[in-house]
Amino acid sequence: MRTFTPTLGGEQVEIAAPEPGRFDATAFRAAFPPSALYGLDVEGFYMDDLGQFSPDFGLRLIQFGTAAYAWVLTLDDPVQRAAAIELLSDLEVSFCSHTSMDVLSVATQLGVDITARNVDTRMLAAMAAPDDKRGGKDLKTLVTAHIGAELEAAEKVLADRFTALWLASEPSRKKPARSVIDAYGWANIPLDDPDYLTYAGLDAVACRRLANVLVPLTEAPPALLEVETWLAGEANRIQLRGMRVDQAALDALSDEARRETSEAEAIVVEISGGIPARSPKIQDWLGEHGVDWDTWEDRGGALTDTGKPSLAKNNVKLLLDYPLDEQGRAVAEQLIRFKSHQDALNKTSGLLTLVAPDGRLHPSLNTLGAVTGRMSSSGPNFQNFSKKDPRMRGLFLPEPGHVLLTADFDQVELRVVAALARETKMIDVILAGGDLHQLTVDELAESGIEITRDTAKMTNFLIVYGGGGRALHEQADIPLEDAQNIVATFRERYPAINDLSRAMGQFRDSIRTISHRRIPVTTNKQGDLRTYANINYLVQSSARDLLVDAWHRFAHEFGRGPMVWFPVHDELVLQVPEALVDQVTDEVQRCMRFDFMGVPISASAVALIDEDGTSRWMTSKRAEAIAAARSTPKDS
DNA sequence: TGCCCTTGCGCG
DNA sequence: AAAGCGCGCAAGGGCA
């Protein structure tokens, strides 16, 4: 048996790395008795876009650790592999690992589902430092900060070994990018390399120690940690299961988007003398061919965040209103064409590389992706598929025999802010089943200001986001003075909201939500505190907690956890066996119904059935329209 | 060429 | 007094 004795945080660590054929399974199992939590880490090949779902991915080592020692098992050895699977499968044993990487690897490569028995240290790090997007959640950085620098040093040694390996293998070739060297290194470093084995063992020990260090730093009540741990497991299960993709529809949509955008792009480049359709330079060029950008806003053109004219597909058509010359007109027409297919191009080209060999998409779900605790998604981001083109969401299908069903909260953020602020005018309207946007119309009318319901709706959301007159002016195409007047009057008419906004704005370090989640106050690029955003953090975070509460009840009170297909901020999309649709519709609505500080929160669930009678992903609005059309057939 | 930053845009 | 929130992704563009 090879053993290594590096230190971590100044304390000696014992790493056991048995050679193939000389593995003592009894000693291994005795080192990891049941009813305990062990650090888990794996080393595999470098990953491509498909990650653990790639046919090229595989594991080489698996490591288990306590705070003091680790075993590094070689998965090439059938005996060690079997011992690893046996330990992983023991329902009395729990693990802690950093990110979903190890849990997903164990599931796809060893066939063991530990999603419900894993504590994610990255989740703990996110609870402890919600705004630390970069190093603060990375394992090496965390270990260096809280335990010791030895792991980072070991990784550096390994990186140098990879470089040396590459140079030895191809001395004539020029040194490539770091990622290429790493890919080569992870795949080719000998399984008996001491640096590799030491690094691998240290990782598992570090992760185990990190769990203990991070829990108190979260300053979170045990119940909250328990829910977050459960949720992270559910997120891993969702990613493992993935969603069915309509491959023929994807190919067709991709072909169309590619054809349209490349033809449009070619014409734009040709006429403009080499400017790509998406280059900012195209605006200058258009300015020389008849567009007067000074009048863009007056004509109703939207601006980007940086105050420049936006050529997004919603307003690119405005170009045609200018006295363009022949070239300018041709370019404008092709830009409109390009923009109308740009989103489909981006999304479908990404999807083509992300559909796994099982014909499924496996997007990740980061349960604490945002500072507010909101969940985020990547690979692809499943939470920002267009709802304008129904073919986009329609690419995703339920399992055979199942129906997709979506349950959306009704105006949850406005209700939450009304409750938190104790804004009685709003609460009364909610209790009476009225319309909060119309309430704002009526309130402002009493102060002598006439606005449309659309403007009222924008104002309502604006206030919840911490915005002011200028933002309303820019978004609603209202003169600045009028917009400022609307906002000021809004604050007068809703004094409790104004008070809450000001009270939250007093916090300069961090705010605390009612579920005791700590959210740091953020700064802008100039380093100024954005205390005006605090109210939104409180509201957005509370709404997120309500969704997770509902999900938790759905899973625990009704045993429907496996039916959750994907969460989208204020909605749960479910995948339900056909026979249970009516029953689950009722159940999920019950789980999403709350009395939040005396304010009713409710949700509406609808089955997603397309015009052809099959179930596919779509917005609830579209599903309702199709259902209505079905129940009142057209006269013929 | 690879890397990093900014811009723009999809969703809630 | 004034202050639009949270994400992920693709492409452009500057730089080494």
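Chain letters run A, B, ... following the sequence lines, proteins first and then strands; every chain starts at 1.
In this structure, A:M392 atom CE and B:dC9 atom P are separated by 17 Å, rounded to whole Å. Look at CG on A:L361: it is 11 Å from P on C:dC9, rounded to the nearest Å. Nucleotide C:dA3 holds its P atom 16 Å from the CZ atom of A:F490, rounded to whole Å. For the pair A:L538 CG and C:dG6 C1', the interatomic distance rounds to 14 Å; values are reported in whole Å. Atom CG of A:L480 and atom C1' of C:dA2 are 11 Å apart (whole Å). The CG-P distance, from A:D343 to C:dA11, rounds to 12 Å in whole Å. Put simply, CG on A:L472 is 14 Å from C1' on C:dA2, counting in whole angstrom units. Rounded to whole Å, atom P of B:dG8 lies 20 Å from atom CG of A:N381.
In this model, the phosphate group of B:dC11 is approached by a side-chain N or O of A:K388 to a distance below 4.0 Å at OP1 or OP2. Neither OP1 nor OP2 of C:dA11 sits under 4.0 Å from any side-chain N or O of A:S279. Residue A:R470 places no side-chain N or O under 4.0 Å from the OP1 or OP2 atom of C:dA2. When the side-chain nitrogen and oxygen atoms of A:Y532 are compared with OP1 and OP2 of C:dA2, none of them lie within a distance under 4.0 Å. In terms of phosphate contacts, A:R278 brings no side-chain nitrogen or oxygen within less than 4.0 Å of OP1 or OP2 of C:dA10.
Listed nucleotides: B:dG10, C:dG6, C:dG8. Nearest to the side chain of A:S378: C:dG8. Checking C:dG8, C:dC5, C:dG13 against the side-chain heavy atoms of A:K281 singles out C:dG13 as nearest. For A:N346, counting side-chain heavy atoms from C-beta on, the closest listed nucleotide (C:dA11, C:dC5, C:dG8) is C:dA11.
One distance of note links CD of A:Q239 with CD of A:Q52; it measures 7.0 Å at 0.5 Å rounding.
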Could you walk me through whether A:E443 and A:R491 pass the salt bridge (charged side-chain N to carboxylate O under 4.0 Å, His left out) check?
CA-CA 11 Å; A:E443 287 292 322; A:R491 296 191 188 286; over 6 Å; no
A:W617 vs A:F566, test: ring pair (Phe, Tyr, Trp, His ring centres under 6.0 Å). Steps then yes/no.
CA-CA 11 Å; A:W617 191 27; A:F566 217 84; 8.0 Å; no
Do A:S604 and A:D410 pass the side chain to side chain donor-acceptor pair (under 3.5 Å) test, and can you show the C-alpha distance, the side-chain angles, and the key distance before you say yes or no?
CA-CA 7 Å; A:S604 320; A:D410 303 322; 2.9 Å; yes
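Within 4.0 Å (heavy atoms only), A:S377 reaches sugar-phosphate atoms of the nucleic acid but no base atom. Across all strands, A:R374 comes closer than 4.0 Å to base atoms (heavy-atom distances). If you check every strand for non-hydrogen atoms under 4.0 Å, A:K347 touches nothing. Residue contacts for A:G505: at a heavy-atom cut-off of 4.0 Å it reaches no nucleic acid atom on any strand shown. At a threshold of 4.0 angstrom between heavy atoms, the contacts of A:R544 with the nucleic acid are absent. Note on A:Y537: only backbone sugar-phosphate atoms sit closer than 4.0 angstrom, heavy atoms only; bases stay farther off. Among the protein residues, A:S310 comes within range of the sugar-phosphate backbone only, with heavy atoms under 4.0 Å from sugar or phosphate atoms but none that close to a base. Contact annotation for A:L345: no contact, since no heavy-atom pair falls under 4.0 Å across all strands.
Counting non-hydrogen atoms of neighbouring residues, nucleotides and ligands closer than 6.0 angstrom, the CZ atom of A:R258 reaches no more than 12 such neighbours.
Sequence order on DNA chain C of the closest nucleotides to A:N498 and A:T522 puts A:N498 first from the 5' end.
A:D246 pairs in a salt bridge (charged side-chain N to carboxylate O under 4.0 Å, His left out) with only one of the listed residues (A:R391, A:R616, A:R360, A:R393), which is A:R616.
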